[in-house]
There are 2 protein chains.
Amino acid sequence: MAEAIPRYHHGNLRAELLASAERKLETTGVQGLSLRELAREIGVSHGAPRQHFPDKQALLDALAVLGFDRLGRELDAALGEAEGAFADRLTVFARTYVRFATAHPALLALMFARKDRPDAPELLEANGRAFAAPVALIAGAQAAGEIDSDDPDRVAMALLATIQGLASIITGGMIGDRPVDAVVSGTIETLLRGLRPAR
Amino acid sequence: MAEAIPRYHHGNLRAELLASAERKLETTGVQGLSLRELAREIGVSHGAPRQHFPDKQALLDALAVLGFDRLGRELDAALGEAEGAFADRLTVFARTYVRFATAHPALLALMFARKDRPDAPELLEANGRAFAAPVALIAGAQAAGEIDSDDPDRVAMALLATIQGLASIITGGMIGDRPVDAVVSGTIETLLRGLRPAR
DNA sequence: CTAGAATCTAGTCAGTGTCTAGAAATGTAG
DNA sequence: CTACATTTCTAGACACTGACTAGATTCTAG
């Protein structure tokens with residue numbers, strides 16, 4: 001915290017830019033994120049950020065990678081502690097993911113903004129690392145026969161789609177005033193049991 | 001047609017702005033959409049769009065409403081023709097939605113960009129109209145006992161989440177080279193049957 | 001201590017969204 | 001047909017942005 005005297009060499013510009021950018025991102029969205037404004041707030045000239053990020057997109061990409069890292073750590077932590085049946089651990093995964101999505105909606109959007117970033121190997125890597133634990137969870141459950149594995153790929157896809165869709169729907173504000181955790185566990189339960197009525 | 005002589009009064013500026021904007025949107029994304037550039041292409045001064053849209057967000061909102069209208073028409077048409085069991089009609093819904101999502105990813109993102117538009121009644125209305133047919137489909141199936149209705153809300157939520165998630169995953173390019181229609185119908189089948197192994 | 005590299009400043013440029021005043025076309029009474 | 005009011009468009013301006021450049025300052029090896 002020694003922000004007292006603004007030295008010529010800031011010393012920690014890159015990290016502070018990222019921190020400031022992430023703060024701004026969640027309050028104003030990507031549209032309202034301005035490199036010049038960040039520089040102004042930090043107390044540095046408008047050209048300084050260029051030394052660390054060649055352009056604005058590079059800053060956004062770095063933010064996305066940090067987001068994947070953080071998400072990965074949260075998933076690892078949550079799933080590391082989770083014990084019990086597959087259903088319970090799956091619910092933990094869903095809740096952790098949804099919690100991250102609601103806590104950092106703009107950041108999550110940035111992470112999956114593949115529209116304009118067709119190729120970004122670092123992002124793909126970060127993505128893979130982040131979801132390592134849940135992927136292992138699913139694979140393990142299939143190997144142990146806890147879930148259907150006629151077509152493992154299909155089952156995994158349905159699972160990920162549902163959780164991703166949950167996050168979309170919740171961050172989109174489409175669940176009204178329903179309690180988030182109840183919606184999440186209810187959806188997981190429904191998914192496990194199937195939509196068809198029990199005979 | 002008849003673009004020959006650029007008259008002072010364009011006569012159809014609003015509609016042409018929307019058409020041009022939608023075209024540009026899918027090629028360059030929201031970021032690359034510039035009011036001035038649109039005006040330039042249409043051959044009108046940079047201030048002209050302001051007569052029809054007070055600001056850029058108004059143009060984007062209008063685009064989103066048009067998107068909901070179009071999606072609604074496609075869903076109505078597809079579900080109107082669909083016959084057979086609930087599972088089949090559900091698959092038709094999912095395919096139609098996913099097809100729309102892949103055909104107009106940027107437009108869809110705009111439609112659900114609630115992040116910065118907390119309240120926009122016209123968008124909510126358009127949203128409701130667009131999904132009238134699938135909502136009726138689900139309600140009907142629950143009434144007819146074709147799907148579980150212990151908690152209708154929960155079931156509907158799981159269904160919509162899965163389909164929305166499918167669209168996200170597919171437009172995000174996360175299905176690799178798997179055939180889209182197979183992924184869609186496989187996911188729906190898995191959802192109907194449930195993840196737990198058949199005893 | 002001193003060169004060279006890394007970092008930051010300051011100035012510039014084209015481009016953008018928004019705002020204004022006013023010109024031009026259209027519609028509407030009389 | 002004419003006069004007027006309204007709609008639609010033009011033209012100029014402003015503050016802002018991301019990007020580029022040259023040069024000043026600081027840090028760091030050797």
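Just so it is clear: chains get the letters A, B, ... in the order the sequence lines come, proteins before strands, and each one is counted from 1. Atom set for the values below is all heavy atoms of this structure, side chains included, hydrogens, waters and symmetry mates excluded.
Contacts of A/R99 classified as side-chain contact (heavy atoms from CB on, under 4.5 Å), with partners at least two apart in sequence or in another chain: A/R95. When the salt bridge (charged side-chain N to carboxylate O under 4.0 Å, His left out) test is applied to A/E74, no partner is found at least two apart in sequence or on another chain. When the salt bridge (charged side-chain N to carboxylate O under 4.0 Å, His left out) test is applied to B/K56, no partner is found at least two apart in sequence or on another chain. Shown here are the side-chain contact (heavy atoms from CB on, under 4.5 Å) partners of A/R14, two or more places apart in sequence or in another chain: A/L18, A/H52, A/F53, A/A62.
Rounded to an integer number of Å, the gap from NE2 of B/H52 to C1' of D/dT8 is 7 Å. In this structure, A/R40 places its CZ atom 14 Å from P of C/dA10, rounding to the nearest Å. At whole-Å resolution of the value, CD1 in B/I42 and P in D/dT8 are 15 Å apart. Following rounding to the nearest Å, A/L59 (CG) and D/dT17 (P) show an atom-to-atom distance of 14 Å. Spacing between atom CG of B/L13 and atom C1' of C/dA25 amounts to 14 Å, rounded to whole angstrom units. Rounded to an integer number of Å, the gap from CD of A/Q51 to C1' of C/dA10 is 14 Å. When rounded to the nearest whole Å, the span between CD of B/Q31 and P of C/dG15 equals 18 Å.
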Distances for protein N or O near nucleotides 18-20 of chain D N or O, under 3.5 Å:
residue: D/dG18; atom: OP1; partner: A/L35; partner atom: N; Å: 3.0
residue: D/dG18; atom: OP1; partner: A/K56; partner atom: NZ; Å: 3.3
residue: D/dG18; atom: OP2; partner: A/S34; partner atom: OG; Å: 3.4
residue: D/dG18; atom: OP2; partner: A/L35; partner atom: N; Å: 3.0
residue: D/dG18; atom: OP2; partner: A/R36; partner atom: N; Å: 3.2
residue: D/dG18; atom: N7; partner: A/R36; partner atom: NH1; Å: 2.5
residue: D/dG18; atom: O6; partner: A/R36; partner atom: NH1; Å: 2.7
residue: D/dA19; atom: OP2; partner: A/K56; partner atom: N; Å: 2.9
residue: D/dA19; atom: N6; partner: A/R36; partner atom: NH1; Å: 3.1
residue: D/dC20; atom: OP2; partner: A/R50; partner atom: NH2; Å: 2.0
residue: D/dC20; atom: O5'; partner: A/R50; partner atom: NH2; Å: 3.3

Atom pairs and distances, side-chain donor-acceptor, residues 156-166 of chain B, under 3.5 Å, sequence neighbours left out:
residue: B/T162; atom: OG1; partner: A/T162; partner atom: OG1; Å: 2.9
residue: B/T162; atom: OG1; partner: B/A158; partner atom: O; Å: 2.8
residue: B/Q164; atom: OE1; partner: B/Y97; partner atom: OH; Å: 2.7

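Ion pairing between a basic and an acidic side chain is recognised when a charged N comes within 4.0 Å of a carboxylate O; B/E37 and B/K24 show such pairing.
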